[in-house]
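In listed order, ligands and their atoms are each counted from 1. Owing to the predicted nature of the structure, the values given are computational and were not obtained by experimental measurement. Residues: numbered from 1 along the sequence shown.
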Amino acid sequence: MKAKVRILDMYSGRYSVFINEKEAKKAKLHPDDLVKIEAGKKTVYGSVVISSLIKEGEVGVSKDILQLHSFSEGELVTVLPSGAPESVRYIKKKMRGEKLRKVEIETIVKDIVDRKLRDIEISSFVTSLEINGLDMDEIAALTIAMAETGDMLDIDRKPIMDVHSIGGVPGNKTNILVVPIVAAAGLTIPKTSSRAITSAAGTADVVEVFAEVSFSLDEIKRIVEKIGACMVWGGALNLAPADDITIKSERALSIDPTGLMLASIMSKKYAMGSQYVLIDIPTGKGVKVETVDAARALARDFIELGKRLGQYVEGAITYGGQPIGHTVGPALEAREALSALMTGTGPGSLIEKATGLAGVLLEMGGVAPAGMGKKMAREILESGKAYQKMREIIEEQGGNPDIKPEEIPVGDKTYTFTAPTSGYITGIDNRAITGIARAAGAPEDKGAGLELYVKVGEKVKEGDPLFTIHAESEARLDQAIVFARRTEPIRIEGMVLQRIGNI
Ligand SMILES: O=P(O)(O)OC[C@H]1O[C@H](OP(=O)(O)O)[C@H](O)[C@@H]1O
Ligand SMILES: Nc1ccnc(=O)[nH]1
């Protein structure tokens, strides 16, 4: 059918195509059918929504589509039904545990980017990878396909450094310190991050609290060539565009299949032209990698993948047995990271990890002698040079460089859990902490999350505060309290944390 485009002032989180009820009947289109919209050389795929709000002769498109494809109001287009994309067969092949060929992987990625595959099929793909995995040939093909279906950045500086965490550990605001330390030493580090996948706050969610994170590739090039660094959201760019689409399914399921994680991270690094990449692998109970042996194997996979992409990669196995620092959730983490940069001090876990990782990068980039990187990183942090660089990054990214941590608003609906007995903290459950912060509204509600007052090994007296939940609404706060009561986020030796009544 031929129709005139009507741009609808709405975001549905997917590519929705609105068609008048009578016209849909005539064209034999049904809700959620895949259709193709053609206009000249432009082809866009979307899912049908049937509505009498749309007049006959019109086709409504939600603004999601306009983010990647330009349509003008009233533009004449052709709407045609589209059959199941070819890549569905390959997804089923992976479901059966078979190895995929390069061309099959390329087709899946292309169909993801073209939106021929919808959420349900993408979730099936993600699930099949969680269950059946990918070998290194498949991972390399996936990584390159993810990068090459988007734009590639060419920064006129050398060497290009990068750091990326596989994530999973709550409170991991570490790279917000690492990037300015490394850039303050004169190295170039165009950092891209994703939003939260399994956690309550991805680095992009945290940085967004005090600066913008969505930029075009040209803007990024300008920023990085001027100040040597950026901290941006990968999903905002047409940079490995399949990544952010698959991440949506991963986030809904709270899973991050290993092969897809390697491709997700390394496709972004490849597209940014990174030459020296450090991968942080938090290891411990309740995170993505639980044992040091598994972390070593993963580091080797990253190194091998880097070789295939022409990148020098190192891995850092870091302690992930409990949250990093004392805060979890975008605004609370932004406060903690900013404060550490301003004062040069902060929670031991955060400072140790940030200076340790930055130190490795300083050595990899040849600005610190072997074994001296961490000391140099600490000096840069303590001298305030990292904070100065951070101010430049904030300013270039449209934020207020004078912002103080206490000026960042956090959720004002709070509830504090206290120690029901005296003892030692013998464990903090990473998954429960993330679950509480998410139940409180993180990462979408920036002010939601929690502040932890204790870490493993510390002594507490009965009645001492353990953690405070922050939420932006009473309903979310109640949800988080219920979640916290159902789990055992903080274990104190020799105590009964809760009694479950027989009602
Ligand atoms: O913890 P979860 O949400 O699973 O993993 C996602 C986080 O891990 C990475 O961290 P970084 O950007 O290297 O600091 C991603 O970019 C993202 O911020
Ligand atoms: N799967 C991923 C984990 C961490 N960071 C990413 O960008 N992607």
Side-chain angles (χ1 to χ4, degrees), residues 126 129-130 134 139 142-143 146-147 161-180 182 189-209 213 230-237 239-272 274 277-282 284 286-289 298 301-302 305 315-316 318 320 323-325 328-330 333-334 337 350 353-354 357-358 361 430-431 433-435 437-438 442-444 449:
V126 168
L129 297 187
E130 174 78 358
L134 294 169
I139 294 170
L142 182 59
T143 309
M146 283 170 73
M161 313 300 298
D162 216 335
V163 63
H164 208 96
S165 175
I166 68 159
V169 63
N172 194 22
K173 69 284 291 174
T174 323
N175 286 334
I176 299 173
L177 276 63
V178 174
V179 171
V182 171
I189 181 160
K191 171 82 176 111
T192 49
S193 290
S194 78
R195 295 194 184 277
I197 301 171
T198 64
S199 70
T203 297
D205 300 309
V206 180
V207 174
E208 198 179 33
V209 170
V213 293
C230 66
M231 281 191 227
V232 298
W233 173 42
L237 316 162
L239 183 104
D243 181 46
D244 196 54
I245 305 173
T246 45
I247 281 179
K248 283 201 184 84
S249 293
E250 292 187 287
R251 187 184 302 127
L253 298 164
S254 206
I255 58 170
D256 195 10
T258 309
L260 186 56
M261 173 180 81
L262 276 135
S264 156
I265 294 175
M266 295 298 281
S267 60
K268 290 197 283 282
K269 309 293 103 175
Y270 184 58
M272 290 297 276
S274 314
V277 182
L278 178 62
I279 302 293
D280 162 34
I281 307 180
V287 293
K288 293 179 191 178
V289 178
L298 181 60
D301 283 346
F302 271 106
L305 181 57
T318 58
I324 308 294
V328 178
E333 292 193 42
L350 176 60
K353 182 168 172 180
L357 293 177
L361 282 159
N430 282 323
R431 290 205 175 96
I433 294 293
T434 295
R438 280 194 177 211
E444 290 84 2

Please identify which atoms of ligand 2 are closer than 4.0 Å to at least one heavy atom of [X].
| X | answer |
| --- | --- |
| S165 | 4 (C), 5 (N) |
| D256 | 1 (N), 2 (C), 3 (C) |
| S194 | 6 (C), 7 (O) |

Checklist line | Member of D162, D243, D244 meeting the side chain to side chain donor-acceptor pair (under 3.5 Å) criterion with K268 | finding: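 When D162, D243, D244 are each tested with K268, the side chain to side chain donor-acceptor pair (under 3.5 Å) holds only for D243.
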
Smallest separation among heavy atoms of [X] and [Y], with atom names:
| X | Y | value |
| --- | --- | --- |
| A196 | D205 | N-OD2, 2.8 Å |
| P330 | V206 | O-CG1, 3.7 Å |
| N430 | G286 | CB-O, 3.5 Å |
| R438 | R251 | NH1-O, 3.7 Å |
| A442 | A200 | CB-O, 3.4 Å |
| I247 | S264 | CD1-OG, 4.3 Å |

Quick test: of every protein heavy atom, which one is nearest to [atom], and how far off is it to 0.1 Å?
| atom | result |
| --- | --- |
| atom 4 (O) of ligand 1 | T198 OG1, 2.5 Å |
| atom 5 (N) of ligand 2 | H164 NE2, 2.9 Å |
| atom 8 (N) of ligand 2 | S264 OG, 2.6 Å |
| atom 12 (O) of ligand 1 | S193 OG, 2.7 Å |
| atom 7 (C) of ligand 1 | S194 OG, 4.2 Å |

Margin query: Below 3.5 Å, N or O to N or O, backbone or side chain included: is there any such pair between K288 and ligand 2?
Written below: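 Min N/O separation from ligand 2 is not below 3.5 Å for K288.
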
Next item on the list: Kindly confirm or rule out an N or O of K268 lying under 3.5 angstrom from an N or O of ligand 2.
Entry: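 K268 vs ligand 2: N/O contact under 3.5 Å present.
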
Check: Are N175 and T203 close enough that a side-chain donor and a side-chain acceptor fall under 3.5 Å?
Finding: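 There is no such pair (donor and acceptor under 3.5 Å, judged by atom type) between the side chains of N175 and T203.
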
Checklist line | T198 versus D256, side-chain donor and acceptor atoms under 3.5 Å | finding: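 Looking only at side-chain atoms, T198 and D256 do not form any donor-acceptor pair under 3.5 Å.
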
Notebook entry, point to check: For ligand 1, which part of N175 has a heavy atom less than 4.0 Å away: the side chain, the backbone, both, or neither?
Noted result: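 Contact part for N175 vs ligand 1: side chain (C-beta onward).
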
Please list, in number order, the atoms of ligand 1 under 4.0 Å from a heavy atom of [X].
| X | result |
| --- | --- |
| A196 | 3 (O) |
| K288 | 2 (P), 4 (O), 5 (O) |
| G168 | 1 (O), 2 (P), 4 (O) |

Check: Taking non-hydrogen atoms only, is I197 closer than 4.0 angstrom to ligand 2 via side chain, backbone, both or neither?
Finding: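 The side chain, only.
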
Check: Where on S193 is there a heavy atom closer than 4.0 Å to ligand 2, on the side chain, on the backbone, on both, or on neither?
Finding: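 Under 4.0 Å from ligand 2, S193 contributes no heavy atoms.
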
Note to self: Just to verify, which of I279, T143, L305, T192 counts as forming a side chain to side chain contact (heavy atoms under 4.5 Å, CB included) with K269?
What the structure shows: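 The residue from I279, T143, L305, T192 that satisfies side chain to side chain contact (heavy atoms under 4.5 Å, CB included) with K269 turns out to be T192.
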
Check: Is D280 close to K353 at the side-chain level, that is, under 4.5 Å between some pair of heavy atoms?
Finding: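 In contact.
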
Check: Taking C-beta and beyond as the side chain, do P170 and S199 meet within less than 4.5 Å on heavy atoms?
Finding: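 No; the side chains remain at least 4.5 Å from each other.
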
Side chain or backbone, does [X] bring an N or O within less than 3.5 Å of an N or O on ligand 1?
| X | answer |
| --- | --- |
| I197 | yes |
| T192 | no |
| A204 | no |

Check each of [options] against [atom] and report the one with the nearest heavy atom.
| atom | options | value |
| --- | --- | --- |
| atom 9 (C) of ligand 1 | S254, G167, A200, S165 | S165 |
| atom 18 (O) of ligand 1 | T203, T174, L357 | T203 |
| atom 2 (P) of ligand 1 | A201, P282, S199 | S199 |

Check: Which value, rounded to the nearest 0.5 Å, describes the distance between L253 atom CG and E130 atom CD?
Finding: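 Nearest 0.5 Å value for the CG-CD distance: 8.5 Å.
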
Next item on the list: Hey, could you give me the CG/CD1 distance between L361 and I189, rounded to the nearest 0.5 Å?
Entry: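 Here the rounded value is 5.5 Å.
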
Note to self: With the threshold set at under 4.0 angstrom, would you say K191 reaches ligand 1 through any of its heavy atoms?
What the structure shows: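 True for this residue.
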
